[in-house]
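This is a predicted model, so every value here is computed, not measured. These values consider heavy atoms only, across backbone and side chains, with no hydrogens, waters or symmetry-generated copies. Below, chains carry the letters A, B, ... as their sequence lines are ordered, and counting in each starts from 1.
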2 protein chains.
Amino acid sequence: MNSVFKALSDPTRRKVLVLLRERPMTAGELSEQFPVSRPTMSAHFNVLKEADLIDAERRGTTVTYRLKLTVLEDALLGFAQVFGFKPPSSKEDEK
Amino acid sequence: MNSVFKALSDPTRRKVLVLLRERPMTAGELSEQFPVSRPTMSAHFNVLKEADLIDAERRGTTVTYRLKLTVLEDALLGFAQVFGFKPPSSKEDEK
DNA sequence: CTTTTATTTCGATATTTAGCTAAATACAAA
DNA sequence: TTTGTATTTAGCTAAATATCGAAATAAAAG
């Protein structure tokens, strides 16, 4: 859980997670969204992998990253629960 | 919000927040709970103050720190909501 | 006014982190 | 098998962070 919070402490990495929320994306696609070099992005992907927040699958020359939602959810909600936070009710819930 | 996640990235600081969840505590009381020096703890308190997660009140020679729950809640649940996490239903909720 | 107690600031050091460029690797295609 | 494309690794620097002991500050007590 420490590694998860460490991973979340960088805004670039948080944004990567948000992007992956929609669909898996390749290292290249992700890198395009940020004003930093590809090696730097690769290092960020590694931190996220170490924290088990994403996983990687190689297909030919490309590597596709996928969000591991449950790990993120457990860390975030687990910590939130310690403080007794209730989530805001969304429109979705009310349907 | 970046400063909040930065603040949460250190286990000592997360534990300080957990301790303050029960009641406000002085710098000294908090420091006793950790195997680091008082100056180091003071630096951690500063990071938490910068992130607006705690506030300080001086009474005589002691300084009492208090958790600012709403700031923590907004950051945590705000981020969780981006991912559509629903919090686990607690026994409390069901009462 | 001097001493004691609680806490913070200062100054130094060690470690970690984010970033870069250049080089290496892994495949696919020609 | 050479070339091209995608990505990672290596090696580096600069900046940020965590830590310490010693000194400074703030307030109360004697």
Side-chain angles (χ1 to χ4, degrees), chain A residues 1-20 22-68 72 75 79, chain B residues 1-20 22-68 72 75 79:
Chain A
M1 184 178 124
N2 193 30
S3 63
V4 171
F5 278 102
K6 273 278 165 55
L8 293 179
S9 72
D10 183 276
T12 295
R13 289 191 293 262
R14 286 198 303 276
K15 192 171 164 194
V16 167
L17 296 179
V18 170
L19 289 171
L20 291 180
E22 284 307 331
R23 61 181 175 85
M25 292 175 81
T26 67
E29 284 180 301
L30 287 167
S31 294
E32 281 171 14
Q33 312 292 317
F34 299 87
V36 300
S37 72
R38 270 138 207 269
T40 295
M41 289 304 296
S42 189
H44 284 308
F45 300 150
N46 259 313
V47 173
L48 292 169
K49 253 190 296 186
E50 291 292 318
D52 204 29
L53 288 169
I54 62 177
D55 57 17
E57 190 186 357
R58 177 144 223 146
R59 298 266 294 180
T61 69
T62 70
V63 173
T64 297
Y65 286 105
R66 177 185 312 273
L67 179 60
K68 295 180 77 169
L72 181 60
F79 188 68
Chain B
M1 183 178 123
N2 193 32
S3 63
V4 171
F5 278 101
K6 274 277 166 56
L8 294 178
S9 71
D10 183 277
T12 295
R13 289 192 292 261
R14 286 198 303 277
K15 192 171 164 194
V16 167
L17 296 179
V18 170
L19 289 171
L20 291 180
E22 284 306 331
R23 61 183 175 83
M25 293 175 79
T26 67
E29 284 180 303
L30 287 166
S31 293
E32 281 170 15
Q33 312 292 317
F34 299 88
V36 301
S37 72
R38 273 141 205 267
T40 295
M41 289 304 296
S42 189
H44 284 308
F45 300 150
N46 260 313
V47 173
L48 291 168
K49 253 189 296 185
E50 292 293 318
D52 203 29
L53 288 169
I54 62 177
D55 57 18
E57 189 185 359
R58 179 144 223 147
R59 297 266 294 181
T61 71
T62 71
V63 173
T64 298
Y65 286 104
R66 176 185 312 272
L67 180 60
K68 295 179 77 170
L72 181 59
F79 189 68

Enquirer: Just wondering, do A/L17 and A/L8 contact through their side chains at under 4.5 Å, heavy atoms?
Expert: yes
Enquirer: When the distance from NE2 of B/H44 to C1' of C/dT7 is rounded to whole Å, what number comes out?
Expert: 16 Å
Enquirer: If you take any heavy atom closer than 4.0 Å to DNA chain C, which residues from residues 6-16 of chain B end up in contact?
Expert: none
Enquirer: Has B/S42 got a side-chain atom pairing as donor or acceptor with B/P39's backbone, closer than 3.5 angstrom?
Expert: no
Enquirer: Apply side chain to side chain contact (heavy atoms under 4.5 Å, CB included) to residues A/S3 and A/E50 and explain how you reach the verdict.
Expert: CA-CA 7 Å; A/S3 63; A/E50 291 292 318; 5.8 Å; no
Enquirer: Taking atom C1' of C/dT8 as reference, at what distance in whole Å does atom CD of B/E57 sit?
Expert: 18 Å
Enquirer: How close or far is atom P of C/dT8 from atom CD of B/E50, stated in whole angstroms?
Expert: 13 Å
Enquirer: At their closest point, which heavy atom of A/A7 faces which heavy atom of A/R13, and how far apart are they?
Expert: O-NE, 2.9 Å
Enquirer: Nucleotides 4-9 of chain D: which of its N/O atoms have a protein N/O under 3.5 Å away?
Expert:
{"unit_1": "D/dT7", "atom_1": "OP1", "unit_2": "A/A27", "atom_2": "N", "d": "3.4"}
{"unit_1": "D/dT7", "atom_1": "OP1", "unit_2": "A/G28", "atom_2": "N", "d": "3.4"}
{"unit_1": "D/dT7", "atom_1": "OP1", "unit_2": "A/V63", "atom_2": "N", "d": "3.4"}
{"unit_1": "D/dT7", "atom_1": "OP2", "unit_2": "A/G28", "atom_2": "N", "d": "2.7"}
{"unit_1": "D/dT8", "atom_1": "OP1", "unit_2": "A/Y65", "atom_2": "OH", "d": "2.4"}
{"unit_1": "D/dT8", "atom_1": "OP2", "unit_2": "A/S42", "atom_2": "OG", "d": "3.0"}
{"unit_1": "D/dT8", "atom_1": "O5'", "unit_2": "A/S42", "atom_2": "OG", "d": "3.3"}

Enquirer: Kindly state each residue pair satisfying ring pair (Phe, Tyr, Trp, His ring centres under 6.0 Å) with at least one member in residues 26-62 of chain A, sequence neighbours excluded.
Expert: A/F45-A/Y65
Enquirer: Does a nitrogen or oxygen in the side chain of B/T40 sit under 4.0 Å from OP1 or OP2 of D/dC20?
Expert: yes
Enquirer: For A/R23, give me all partners under salt bridge (charged side-chain N to carboxylate O under 4.0 Å, His left out), at least two apart in sequence or on another chain.
Expert: A/E29
Enquirer: Let me see the working for A/R14 and B/N2 under side chain to side chain contact (heavy atoms under 4.5 Å, CB included), right down to the final yes or no.
Expert: CA-CA 10 Å; A/R14 286 198 303 276; B/N2 193 32; 3.1 Å; yes
Enquirer: Are the side chains of A/L20 and A/L53 in touch, meaning some heavy atoms are under 4.5 Å apart?
Expert: no
Enquirer: According to ring-ring contact (aromatic ring centres under 6.0 Å, His included), who are the partners of A/F79, at least two apart in sequence or on a separate chain?
Expert: A/F5, A/F83
Enquirer: Kindly give the atom pairs (protein nitrogen or oxygen, nucleotide nitrogen or oxygen) under 3.5 Å for nucleotides 11-14 of chain D.
Expert:
none

Enquirer: Are B/D55 and B/K68 close enough that some pair of their side-chain heavy atoms sits under 4.5 Å apart?
Expert: yes
